[in-house]
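Everything on this sheet refers to the single structure shown next.
Please read all numbers here as calculations on a predicted model, not as lab measurements.
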Amino acid sequence: MIDAHLYDQINWPCDLSKIVIEKLKQIAVLKQGIDALEITKRYQNVPGVYYILSGSAGLCFSTQNMHHMSGGVIGRGDWIGALAVYKEYQLFAVAEEVNPLSMIFFPRKKVRDLAEKVPEVYKWLLHCATQSYSVWMQAYLTSIHEKEQKTVYVLLELAARQNTDVNDVARIDVSQSQLSSITGISRPRLNEVLKNLEKKQGIKTHRGRVVISDFDVLYHCISPMNLMLRDPSDRLVPQLSGE
């Protein structure tokens, strides 16, 4: 049984009737930790729809021969899995949990059964999928840019998902090993990128932590990027201004 106050934390992706929301609550299950995303264990179909209540992680999806990988940052407020509810996608994800994940899970079969009875569920799935699509397509667009831009983008995405108050938004508890896995940049090259960002006075690095010293420096670094689908600065500005 999920505590009622956790449902209040869900940012539903569209307007839904109270009936549909109550029906979805009835099939929901609370999941904790990155291993609860079962595609991090083996190749399989995505088992359902996840809503991330808190935490953040990097997910890199791989082909079965491991020759091609692409991924991005997920965290608080994201919906995952809706795109695969009616598709047989065999996926495997290499995951780096930055902050412990807490998720509400809607099992695939129960979602499909509910949609047959209550068609408004399809509306929910469509909007969940649209939001998720923006995450992964923007991650793909980011992957074609230079190492520094990719690194800055990931840092800002992680900063936008910190489960802290406004005064701590600039502190990202992530190791260089985790950043290397999320960005796909080797440790030596990543170290060079971080040192260069420090020289620009954009960040300060500590063991297991990156602190953003100047957001404007980082925004300037990613200004040439195509961020039409998902711009992390859009989600950081309200936090920084205290709105």
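Closest heavy-atom contact between I34 and A95: CG1-CB, 3.5 Å. A pairwise comparison of heavy atoms in C221 and L197 identifies SG-CD2, 4.0 Å as the closest pair. The shortest heavy-atom contact between A160 and P232 is CB-O, 4.3 Å. Across C128 and P13, no two heavy atoms sit closer than the pair SG-CG, 3.6 Å. G55 and L101 make their closest contact through C-CD2, 3.6 Å (heavy atoms, listed as atom of the first residue, atom of the second, distance). The minimum heavy-atom distance between I74 and D78, with the atom names listed, is CA-OD2, 3.4 Å.
With rounding to the nearest 0.5 angstrom, the OG atom of S54 is 7.0 Å from the CD atom of Q32. The distance from atom CG of L125 to atom OG of S132, rounded to the nearest 0.5 Å, is 11.5 Å. To the nearest 0.5 Å, the span separating OH on Y133 from CD on Q138 amounts to 11.0 Å. The distance from atom CD1 of I222 to atom OG1 of T151, rounded to the nearest 0.5 Å, is 12.0 Å. Within the model, atoms OG of S233 and CG of L218 stand 11.0 Å from one another, a figure rounded to the nearest 0.5 Å.
We find that D113 and K117 are not joined by a salt bridge, their nearest charged nitrogen and carboxylate oxygen being 4.0 Å or further apart. Checked for salt-bridge contact, E198 and K195 miss the test: no charged N lies under 4.0 Å from a carboxylate O. Contact check on E157 versus R161 returns a salt bridge, with a Lys/Arg side-chain nitrogen under 4.0 Å from an Asp/Glu carboxylate oxygen. Salt-bridge check for D173 with R171: passed, with a basic side-chain N closer than 4.0 Å to an acidic carboxylate O. Salt-bridge annotation for E192 and R187: absent, with no side-chain N of the basic residue lying under 4.0 Å from a carboxylate O of the acidic one.
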Requested in this report: Report the C-alpha distance between E96 and S181 in whole Å, list the side-chain angles of each, state the deciding distance to 0.1 Å, and finish with yes or no for side chain to side chain donor-acceptor pair (under 3.5 Å).
Outcome: CA-CA 7 Å; E96 284 289 343; S181 296; 3.3 Å; yes
Requested in this report: Please assess V20 against L114 for the test side chain to side chain contact (heavy atoms under 4.5 Å, CB included), listing each intermediate value before the final yes or no.
Outcome: CA-CA 9 Å; V20 168; L114 181 59; over 6 Å; no
Report task. For Y7 and I21, run side chain to side chain contact (heavy atoms under 4.5 Å, CB included): C-alpha distance rounded to whole Å, both residues' side-chain angles, the deciding distance at 0.1 Å, then the answer. Result -> CA-CA 10 Å; Y7 292 122; I21 290 176; over 6 Å; no
Report task. Starting from the C-alpha separation in whole Å, work towards a yes-or-no answer on salt bridge (Lys or Arg N to Asp or Glu O under 4.0 Å) for K200 and E148. Result -> CA-CA 12 Å; K200 294 179 180 180; E148 182 175 272; 2.8 Å; yes
Query raised in the report: side chain to side chain donor-acceptor pair (under 3.5 Å) between T142 and Q149: does it pass, once the steps are laid out?
Result: CA-CA 8 Å; T142 302; Q149 292 171 329; over 6 Å; no
Requested in this report: Evaluate side chain to side chain contact (heavy atoms under 4.5 Å, CB included) for E120 paired with S17, printing each intermediate quantity in order.
Outcome: CA-CA 8 Å; E120 193 181 352; S17 67; 2.8 Å; yes
Requested in this report: Start with the C-alpha gap between W124 and F106, add the side-chain angles, then the distance that decides, and say whether ring-ring contact (aromatic ring centres under 6.0 Å, His included) holds.
Outcome: CA-CA 12 Å; W124 168 68; F106 305 87; 5.2 Å; yes
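A donor-acceptor pair under 3.5 Å links the side-chain atoms of K123 to the main chain of D15, judged by distance alone. Formation of a donor-acceptor pair under 3.5 Å by the Q176 side chain with backbone atoms of R207 is not found in this model. A donor-acceptor pair under 3.5 Å is absent between the side-chain atoms of Y153 and the main chain of A139, judged by distance alone. Within the 3.5 Å criterion, the main-chain N or O of V85 finds a donor-acceptor partner in the side chain of R112. With N196 contributing its side chain and V193 its backbone, the two residues share no donor-acceptor pair below 3.5 Å. At distances below 3.5 Å, not a single donor-acceptor pair connects side-chain atoms of T205 with backbone N or O atoms of V210. Within the 3.5 Å criterion, the main-chain N or O of D216 finds a donor-acceptor partner in the side chain of D214. At distances below 3.5 Å, at least one donor-acceptor pair connects side-chain atoms of Q131 with backbone N or O atoms of G77. No donor-acceptor pair closer than 3.5 Å links the side chain of Q9 to the backbone N or O of L53.
For the pair L156 and Y219, the minimum side-chain heavy-atom distance is below 4.5 Å. Considering only heavy atoms from C-beta on, L83 stays 4.5 Å or farther from K87 through its side chain. At a threshold of 4.5 Å between non-hydrogen side-chain atoms, the residues I185 and S180 do not count as touching. Here the side chains of Q201 and S213 are not in contact, with every heavy-atom distance at 4.5 Å or above. Between N99 and V174 there is no side-chain heavy-atom pair separated by less than 4.5 Å. Counting heavy atoms from C-beta outward, I172 and V211 have side chains that stay 4.5 Å or more apart. Contact of the L37 side chain with the M103 side chain is registered, since non-hydrogen atoms from C-beta on lie closer than 4.5 Å. With a 4.5 Å cut-off on side-chain heavy atoms, H206 and K204 count as touching.
No more than 12 heavy atoms of other residues, nucleotides or ligands lie within 6.0 Å of CD in E146, so this atom counts as exposed by the packing criterion. More than 12 heavy atoms of other shown residues, nucleotides or ligands fall within 6.0 angstrom of atom NZ in K25. Within a 6.0 Å radius of OH in Y122, more than 12 heavy atoms belonging to other residues, nucleotides or ligands are found.
Tracing side-chain contacts under 4.5 Å through hydrophobic residues (I, L, V, M, F, W, Y), one reaches M225 starting from L158; they form part of the same cluster. Residues I19 and L24 do not share a hydrophobic cluster, clusters being chains of Ile/Leu/Val/Met/Phe/Trp/Tyr side chains in contact below 4.5 Å. I2 and V111 end up in the same hydrophobic cluster when Ile, Leu, Val, Met, Phe, Trp and Tyr side chains are linked at under 4.5 Å. Under a hydrophobic clustering in which Ile, Leu, Val, Met, Phe, Trp and Tyr are joined whenever their side-chain heavy atoms come within less than 4.5 Å, directly or via other members, I80 and L126 fall into different clusters. Using a 4.5 Å cut-off between side-chain heavy atoms of Ile, Leu, Val, Met, Phe, Trp and Tyr, with links allowed through other members, L227 and V217 fall into different hydrophobic clusters.
Here the options are W12, F105, W79, the test is side-chain contact (heavy atoms from CB on, under 4.5 Å), and the partner is Y51; only W79 passes.
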